[in-house]
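In what follows, a single structure is set out as structure tokens and then discussed.
Every number for a ligand or one of its atoms is a count from 1 in the order of the listing. All values below were derived from every heavy atom in this structure, side-chain atoms included, with hydrogens, water molecules and symmetry-related copies excluded.
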Amino acid sequence: MSKKLLLKDAHVEGIRYFDVYRKQGGYEALEKALKMTPEEILEEVKTSGLRGRGGAGFPTGLKWSFLAKPEGVPRHLVVNADESEPGTFKDRYLMEFLPHLLIEGMLISSYCLGSNTSYIYIRGEYSWIPDILEEAIEEARNAGFLGKNILGTGFDCEIYVQRGAGAYICGEETALLESLEGKRGNPRLKPPFPAVKGLWERPTVVNNVESIAAVVPIINITGAEYAKIGVGKSTGTKLISACGNINKPGVYEIDMTITVEEFIYSDEYCGGIKDGKRLKACIPGGSSVPIVPANLLLRTINGEPRYMNYESLADGGFATGTMMGSGGFIVLDEDQCVVEHTMTLARFYAHESCGQCTPCREGTPWMYKILKKIENGEGTMADIDLLWDIQRKIEGNTICPLGDAAAWPVAAAIRHFRDEFEWHVKNPELAKTQNYGLANY
Ligand code: NAI
Ligand code: SF4
């Protein structure tokens with residue numbers, strides 16, 4: 001059984017409220033942290049090996065150490081709660097059921113980074129959660145853990161909750177900052193990174209909800225103990241939101257030493273494929289990461305078991321591996337049509353493109369149109385090659401990663417399921433009415 005650090009108290013009735021959270025040991029990490037120096041906290045976070053849980057897996061301690069500290073210029077912590085990656089809903093769970101864990105993590109992180117004004121930028125569609133967060137903020141303030149002169153230490157910290165307006169692109173950190181500044185959420189060119197020039201051109205750390213929540217157990221148990229959990233550079237625990245054709249969809253905390261097979265089939269996690277069907281493929285890290293067929297999902301190209309961690313999932317690079325991403329684990333059974341699935345994603349990215357750069361603005365709707373043609377039995381073999389060509393021209397040629405995120409699923413689908421695309425072309429009438437199932441292999 002995986003060790004629980006973030007969700008250990010999730011089952012406790014009323015844990016959303018301050019008194020219950022406190023009774024379970026809540027805010028002890030903040031009390032401990034405020035007796036440490038900011039440099040000591042940074043060292044703990046670095047030692048823990050914590051990697052950004054939003055999707056990129058960038059080392060959190062390293063990002064914090066990049067924060068510029070010019071004299072007299074305020075710094076900010078911004079929590080990215082604009083969780084919009086299809087298949088990803090772990091941050092929603094944390095904020096809805098354990099809001100004080102996030103607030104406590106933010107207070108420790110803000111103290112470490114020297115932020116006296118910190119923000120939570122939350123996805124607009126999570127319409128009921130800002131009230132939960134604001135209630136938790138008020139409770140923390142009333143208990144003396146937030147606001148002016150926290151616990152008499154002289155440290156001041158305010159936390160504000162800002163709602164997004166439903167644009168996926170505002171989860172990209174610089175688009176988020178633009179939106180937080182009251183502007184249209186267009187991504188900025190990087191560098192400069194937010195750590196140097198972020199919110200209102202001030203040094204800013206933007207971190208995912210889960211990353212900031214993880215700071216609480218890191219301080220509680222120490223960075224060194226946290227680093228002992230997991231394997232290699234995949235330290236600590238990771239939340240996985242599992243969905244699709246499985247028996248037990250939900251949010252699971254894993255310690256990154258379990259195999260993908262165990263995660264899918266054991267009763268502790270997904271409980272196997274629904275209705276006893278066969279596993280066809282999986283997108284293990286949210287819609288932006290490459291889809292992998294069952295054989296390469298469970299084993300690497302060398303026949304080794306694949307594990308639920310950053311290194312193992314990526315083993316083999318883009319040709320045979322995939323990515324941990326945000327941990328949005330989407331399972332497809334034998335009856336699912338990869339062409340239809342890829343078309344649905346292409347429609348999403350075309351709709352969410354901000355339109356700033358040509359390859360993404362023009363390429364994403366073009367890919368959607370071709371995929372729709374193929375799915376509807378109106379495609380040609382040349383369309384499959386054209387699709388390949390378009391995704392190649394988008395990847396790496398855009399301002400922000402949305403372009404790559406739109407290209408990779410198309411590339412992986414063609415790479416691993418080309419016969420399925422060709423079946424649609426060769427069987428136009430069947431393609432209109434039937435799905436190309438595993439039985440066709
Ligand atoms: P990135 O790799 O460009 O950056 C990661 C983080 O490290 C950023 O905060 C960046 O500012 C920082 N960083 C990198 N190099 C730096 C340097 N030299 N100096 C200072 N800071 C530096 O990736 P990005 O754009 O932040 O995230 C892309 C990922 O987001 C994708 O892999 C995707 O999986 C994920 N994603 C997650 C979503 C969700 O809902 N959770 C939605 C969409 C995408
Ligand atoms: Fe906008 Fe797409 Fe360019 Fe990102 S890649 S800046 S979403 S047009």
Side-chain angles (χ1 to χ4, degrees), residues 50-68 77-92 94 121-123 125-126 164 167-178 184-199 203-212 238-241 283-290 310 313-314 322-329 345 348-365 367 393-409:
L50 175 67
R51 295 170 66 171
R53 302 299 197 220
F58 193 83
T60 304
L62 187 62
K63 190 194 281 192
W64 288 13
S65 68
F66 287 152
L67 188 71
L77 168 70
V78 175
V79 168
N80 187 344
D82 194 68
E83 183 181 52
S84 313
E85 182 82 336
T88 312
F89 45 90
K90 60 174 182 87
D91 295 337
R92 179 181 83 185
L94 271 181
Y121 183 97
I122 183 163
R123 175 179 183 185
E125 290 89 339
Y126 287 173
Y168 171 71
I169 195 57
C170 289
E172 194 285 327
E173 58 178 2
T174 58
L176 184 156
L177 295 175
E178 288 283 300
R184 182 188 158 102
N186 278 353
R188 301 172 183 166
L189 273 171
K190 293 192 283 190
F193 288 94
V196 175
K197 216 173 180 188
L199 189 63
T204 304
V205 162
V206 184
N207 267 142
N208 171 259
V209 170
E210 186 188 344
S211 313
I212 292 298
K238 173 84 189 86
L239 296 185
I240 305 288
S241 53
I283 300 123
S287 65
S288 307
V289 313
Y310 292 95
L313 284 170
T322 179
M323 284 161 84
M324 185 82 168
S326 56
F329 198 86
L345 287 185
F348 172 79
Y349 289 114
H351 182 258
E352 298 298 338
S353 166
C354 83
Q356 271 195 111
C357 28
T358 312
C360 174
R361 183 187 61 240
E362 303 299 328
T364 51
M367 289 198 299
K393 292 200 165 71
I394 297 175
E395 191 201 355
N397 292 319
T398 56
I399 294 173
C400 90
L402 189 142
D404 295 341
W408 292 340

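A donor-acceptor distance shorter than 3.5 angstrom exists from the side chain of K90 to the backbone of R53, with no hydrogens or angles considered. When atom types are taken as modelled, the side chain of S84 and the backbone of D82 share a donor-acceptor pair closer than 3.5 angstrom. A donor-acceptor pair under 3.5 Å is absent between the side-chain atoms of N207 and the main chain of L77, judged by distance alone. Of the possible polar contacts, none joining the S287 side chain to the E85 backbone as a donor-acceptor pair under 3.5 Å is found.
Y310 has its side chain within reach of K238: a pair of non-hydrogen atoms, C-beta onward, lies under 4.5 Å apart. Looking at heavy atoms from C-beta onward, M367 lies out of side-chain contact with Y349 at the 4.5 angstrom threshold.
Around atom 1 (Fe) of ligand 2, the protein atoms of type N, O or S found under 2.8 Å away are C354 SG, listed by chain and number.
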Distance dump, ligand 1 polar atoms to protein, N/O, under 3.5 Å:
residue	atom	partner	partner atom	Å
ligand 1	9 (O)	K63	NZ	2.7
ligand 1	9 (O)	E173	OE1	2.6
ligand 1	9 (O)	E173	OE2	3.3
ligand 1	11 (O)	E173	OE1	3.4
ligand 1	11 (O)	E173	OE2	2.4
ligand 1	40 (O)	S84	N	3.1
ligand 1	40 (O)	E85	N	3.0
ligand 1	41 (N)	G54	O	3.1

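Taking the side-chain hydrogen bond (donor to acceptor under 3.5 Å, both in side chains) definition, one finds that E125 meets it with R123, sequence neighbours left out.
Note on residues 393-406: pairs passing salt bridge (Lys or Arg N to Asp or Glu O under 4.0 Å), not counting sequence neighbours, are D389-K393.
Separating the CG atom in N80 from the SG atom in C170 is a distance of 10.0 Å, to the nearest 0.5 Å.
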